[in-house]
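Report on one structure; see the data block that follows.
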2 protein chains.
Amino acid sequence: MRAALELFTEQGYDTTTVHEIADRAGLTKTTFFRHFRDKREVLFAGQNTHTRLLADAIGAAPGPATPLKAVRAALDALTATFTDDRREIGVRLRPVIAGHTELQERAALKRARLAGAMTDALHKRDVPEPTASLAAELGVRAFYDAFDQWADPANDRTLTELTRRTLDELRAALVALD
Amino acid sequence: MRAALELFTEQGYDTTTVHEIADRAGLTKTTFFRHFRDKREVLFAGQNTHTRLLADAIGAAPGPATPLKAVRAALDALTATFTDDRREIGVRLRPVIAGHTELQERAALKRARLAGAMTDALHKRDVPEPTASLAAELGVRAFYDAFDQWADPANDRTLTELTRRTLDELRAALVALD
DNA sequence: CGAGTGACGTTACCAAGTCACATCACCTCG
DNA sequence: CGAGGTGATGTGACTTGGTAACGTCACTCG
């Protein structure tokens, strides 16, 4: 993953071949594909852990918690795992993704899967539709928005703080819809 | 597009080559790629029209309309263009997409672009963030949910009716979040 | 010590996607 | 009417993502 990110920022995403990535990592093209489903996935591999983490945290939320409170607890658990080096990775990742549609696709799917995992976990808490998925989507949105703010070096808040704050703002904005 | 959908349902998505699709359409592989960015796109090509339609309709909504009212008007304009043969296409499309991650990716991106187009159009009406994007995402969600219901042959309502009703239900469910 | 297991390399292959160049129909304008 | 321009298509060669079959090597465990 490090080799890939380096090469992508050095010479661009589509001009670096998988062969080059594997070479720099001291491996073979075949081995690369044993670890990553495809070339894009090398930039998103971590996300599968996140879905599990979110789902578990929602399941472990206190019994009487409302949907949004459970989501908030899950986001707390997730954001707590984000150390500062992850922030730098995110910062370097963003322009690469922004410049390539195929990467935005993968990002969009991962985001949808994140929301899906939270939705399922909420269903297991007997939260009905469409409440469950709305809460999940709002939570995911808060997380991504907060991550964007976190990437700004002028921002010295915790990702957890930013996420909570953003979730509150989104919830408050719902009443202004109509 | 017809040739592709036929072949995909006959023999599966990943076992049909672009060469076969082009052959059945009486064309060449090269010409195929001149019309569609890649193999997936042949199933989603129509959607670019939809984004334009939605954006225009939001721009044309009556001046004092609230964000959600503008979104509702746009969805009315969009759903009005869906004739019954489009419903059949959708029905045949769904299982193909459901079975292949790469197609779900493309679908997720198109959906995000749809919401993005509506968000931009709302910004031009001086709707601030995050109200604009929340309204847009809610509208897109209503449309997709309604389309799913529309695909059920036991359902004899109009897509427009279904979409309006779904949007109302989603809006009502927002209060139960917390 | 011998069999199993897992991670990796080698090679060959297929199909997606690109590119340069040729062809052909059609349109326009002198 | 004829010459040149334009746009859509075909042809063939090429790169690269991605897969599959097979072999090797280290390590582990009974």
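Chain A is the first sequence line, chain B the second, and so forth, proteins listed ahead of strands; every chain is numbered from 1. Basis for what follows: all heavy atoms, side chains included, without hydrogens, waters or symmetry-related copies.
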**Item:** Minimum-distance nucleotide to B:H35 side chain [options: D:dT9, C:dA15, C:dG9]
**Value:**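 Closest of the options to the side chain of B:H35: D:dT9.
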**Message:** What is the distance, to the nearest angstrom, from the CG atom on A:D23 to the C1' atom on C:dC8?
**Reply:**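 These atoms are roughly 14 Å apart.
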**Prompt:** A:E41 has an atom CD; how far is it from atom C1' of D:dG18, in whole Å?
**Reply:** 14 Å
**Message:** Between A:E102 and A:K39, does any side-chain N to carboxylate O distance fall below 4.0 Å?
**Reply:** no
**Request:** Sort and list the pairs that fulfil salt bridge (Lys or Arg N to Asp or Glu O under 4.0 Å) and have at least one residue in residues 7-24 of chain B, not counting sequence neighbours.
**Result:** B:E6-B:R24, B:E10-B:R24
With the criterion being N/O to N/O and under 3.5 Å, what pairs connect the protein with nucleotides 17-24 of chain C, and how long is each?
{"residue": "C:dG17", "atom": "OP1", "partner": "B:R40", "partner atom": "NH1", "Å": "3.2"}
{"residue": "C:dG17", "atom": "OP2", "partner": "B:K39", "partner atom": "N", "Å": "2.7"}
{"residue": "C:dG17", "atom": "N7", "partner": "B:K29", "partner atom": "NZ", "Å": "3.2"}
{"residue": "C:dG17", "atom": "O6", "partner": "B:K29", "partner atom": "NZ", "Å": "2.9"}

**Message:** Minimum heavy-atom separation for A:A151 and A:V91, please, with both atom names.
**Reply:** O-CG2, 3.7 Å
**Message:** For B:R125, is the CZ atom crowded, meaning more than 12 foreign heavy atoms sit under 6.0 Å from it?
**Reply:** yes
**Message:** Among residues at least two apart in sequence or on other chains, which ones pass side chain to side chain donor-acceptor pair (under 3.5 Å) with A:T15?
**Reply:**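 Once residues adjacent in sequence are excluded, A:T15 has no partner under the side chain to side chain donor-acceptor pair (under 3.5 Å) criterion.
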**Message:** Donor-acceptor pair, distance only, cut-off 3.5 Å: does the side chain of B:Q104 make one with the backbone of B:A98?
**Reply:** yes
**Request:** Name all residues meeting the side-chain contact (heavy atoms from CB on, under 4.5 Å) criterion together with A:R157; count only those two or more places apart in sequence or in a different chain, and write none if there are none.
**Result:**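 So A:R157 forms a side-chain contact (heavy atoms from CB on, under 4.5 Å) with A:N155, A:E161, A:L162, A:R165.
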**Fill in**
Residues at least two apart in sequence or cross-chain that pass ring-ring contact (aromatic ring centres under 6.0 Å, His included) with A:F36, listed by chain then number, are A:F32
**Request:** Give, ordered by number, those residues of residues 99-109 of chain B having at least one heavy-atom distance below 4.0 Å to an atom of DNA chain C; if nothing qualifies, reply none.
**Result:**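 Result for residues 99-109 of chain B: none.
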**Prompt:** Does A:T31 make a side-chain N or O approach to OP1 or OP2 of C:dC8 shorter than 4.0 Å?
**Reply:** no
**Prompt:** Reckon B:T16 touches a base, only the sugar-phosphate, or nothing at all at heavy-atom distances under 4.0 Å?
**Reply:** sugar-phosphate
